[in-house]
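Owing to the predicted nature of the structure, the values given are computational and were not obtained by experimental measurement.
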Amino acid sequence: MAIDGRTAFQLSEAFLDAFLPDQLDQLLYYRLDKQRHRISMKANYEAIVFDVIRAADAEGWLDRLVVAARQSRPSHPGLQSCAQRRQLAVETSGLESILNARAPEIHPARFRAGLGALEGQVCRIEANTRVGTQALGTGFLVGPDLCMTSYHVVHELFSGGLRPQDVRLRFDFKYSATGDALFPGTVFQLADDWAVASAPNSEFERRGGETDELPAADELDFAVLRVAGSPGRQPIGESFEPAAARRGWVDAPSPTRVNAGDDILVLQHLMGRPMRLAFGKVIEVNGNATRVKHTADTDQGSSGSPCFTLGLNLAAIHQAGDPNREPWHAPSYNRAVPTAKVFSMLAPGSTAASG
């Protein structure tokens with residue numbers, strides 16, 4: 001997809017703001033195997049950026065350039081906006097109106113900066129099988145080497161039905177704007193001591209169907225897995241320049257309870273596809289505050305996804321859809337586990353986010 005003048009200007013402004021001249025040279029060299037002096041020898045930095053963008057567009061590596069820049073500066077709102085125009089970042093259409101109406105104290109640029117950082121901390125959890133790669137669900141970093149997800153997403157790890165060496169955590173998974181080029185992202189494996197903490201879902205949830213039963217206090221349907229290689233402390237991408245930002249991890253939630261009527265955002269690998277952001281509302285908190293019902297659009301592959309407030313504070317782990325699966329029934333809600341409950345159950349120091 002060729003770049004238009006408006007997007008080219010926006011991208012140029014973002015690069016001028018995000019990178020000093022030497023940093024742009026390093027980005028091109030380390031991440032894209034390009035030498036800037038072979039693209040432009042001009043003395044003016046604005047002219048150099050213009051030449052780089054034109055060359056990338058003409059030679060077919062513009063999407064790679066945008067992805068590389070975002071990996072280097074994931075919290076830069078201008079780069080995220082450019083990536084959205086190229087369909088290389090989660091879509092936030094309608095963001096301004098939602099924030100203006102419900103959280104006017106949150107500036108859209110700050111929201112995009114926070115969201116850009118979170119994108120690099122959420123992963124697709126998958127398994128290698130005899131017939132290929134199977135997407136299991138979504139997870140997110142809660143420490144340098146710790147990934148949180150729903151227990152039921154990885155229950156076969158705990159039962160022995162799935163070998164730890166067959167589980168992969170795939171970060172930064174994207175398609176190009178035309179959908180014909182894949183950015184496979186960076187893949188991490190589980191550490192030898194992968195089992196950090198977990199709690200199962202309830203028996204009635206495994207059974208399915210509508211019920212008034214409440215999960216027990218320890219049936220919080222979560223798992224914390226240790227990841228080899230400490231992805232949270234590494235820059236994003238397979239190759240990176242010295243000044244690149246680190247991936248980081250999601251902070252622990254505040255003790256504030258999630259309440260009915262609260263807005264909620266879900267970052268998810270819906271159906272195993274590249275990341276998507278869904279907006280919704282909390283419609284109900286159950287009797288012992290172990291589950292919430294929400295309206296954010298989710299589906300298979302969303303289990304284990306982090307749910308955030310409009311302030312991008314971690315609020316819950318998406319768990320499942322409407323349990324009534326009768327063919328005549330139109331699903332009316334989805335279900336999540338409040339993370340304040342989960343983190344209160346973890347031993348002190350068991351996650352970097354809690355300490």
Side-chain angles (χ1 to χ4, degrees), residues 1-20 23-24 27-28 31-32 45-46 48-57 61-122 171-179 181 183 185 235-237 240-241 243-248 263 265-268 273-279 308-312:
M1 185 172 72
I3 195 169
D4 58 81
R6 179 182 175 188
T7 304
F9 175 78
Q10 183 185 36
L11 185 59
S12 176
E13 290 295 296
F15 267 82
L16 290 169
D17 184 63
F19 300 98
L20 297 173
Q23 293 172 338
L24 176 62
L27 174 82
L28 293 169
R31 291 186 181 268
L32 298 169
Y45 186 41
E46 289 188 21
I48 290 172
V49 170
F50 175 75
D51 286 350
V52 168
I53 292 172
R54 286 196 62 187
D57 188 32
W61 49 278
L62 183 63
D63 282 346
R64 289 176 56 213
L65 175 65
V66 174
V67 168
R70 283 215 63 221
Q71 288 178 341
S72 179
R73 303 287 191 273
S75 297
H76 193 280
L79 291 172
Q80 193 206 29
S81 182
C82 292
Q84 287 179 322
R85 290 178 70 89
R86 302 287 299 178
Q87 300 174 33
L88 294 167
V90 294
E91 179 56 47
T92 56
S93 57
L95 162 68
E96 284 79 4
S97 60
I98 291 172
L99 291 178
N100 286 339
R102 302 174 192 172
E105 73 280 2
I106 301 174
H107 193 278
R110 291 200 301 272
F111 182 93
R112 289 194 183 94
L115 182 62
L118 289 173
E119 280 187 64
Q121 298 160 10
V122 178
F171 292 87
D172 322 313
F173 170 48
K174 305 178 189 301
Y175 287 115
S176 69
T178 56
F183 296 92
I236 299 174
F240 41 83
E241 70 278 25
R246 281 5 183 203
R247 186 181 298 276
D263 293 291
L265 315 174
V266 183
L267 272 176
Q268 58 188 323
R273 298 190 181 109
M275 197 179 304
R276 173 182 164 185
L277 177 69
F279 291 83
F308 299 95
T309 67
L310 279 184
L312 297 182

Is any side-chain heavy atom of [Y] closer than 4.5 Å to one of [X]?
X    : Y    : result
L24  : Y45  : yes
L88  : R70  : no
L27  : F15  : yes
L265 : L115 : no
F279 : D263 : no
S72  : E241 : yes

Smallest separation among heavy atoms of [X] and [Y], with atom names:
X    : Y    : result
R112 : P77  : CB-CB, 4.1 Å
T92  : L277 : CG2-CD2, 3.7 Å
A243 : Q23  : CB-NE2, 4.4 Å
V49  : S12  : CG1-OG, 3.7 Å
G120 : F171 : O-CD2, 3.4 Å
A55  : W61  : O-NE1, 3.7 Å

Approximate separation, where rounding is to 0.5 Å, of [X] [atom1] and [Y] [atom2]:
X    : Y    : atom1 : atom2 : answer
I3   : R86  : CD1   : CZ    : 6.0 Å
L267 : R276 : CG    : CZ    : 11.5 Å
L79  : Q10  : CG    : CD    : 9.5 Å
S75  : E119 : OG    : CD    : 10.0 Å
I53  : I48  : CD1   : CD1   : 12.0 Å
D4   : R85  : CG    : CZ    : 5.5 Å

Donor-acceptor pair, side chain of Q84 and main chain of V90, under 3.5 angstrom: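 Side chain of Q84 to backbone of V90, a donor-acceptor pair under 3.5 Å: yes, one is there.
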Within 6.0 angstrom of R110 CZ, more than 12 heavy atoms from elsewhere: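 Counting neighbours around CZ of R110, more than 12 heavy atoms of other residues, nucleotides or ligands fall under 6.0 Å, so yes.
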Pair R247 + D172: basic N to acidic O under 4.0 Å: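 Result for this pair is yes, salt bridge flagged.
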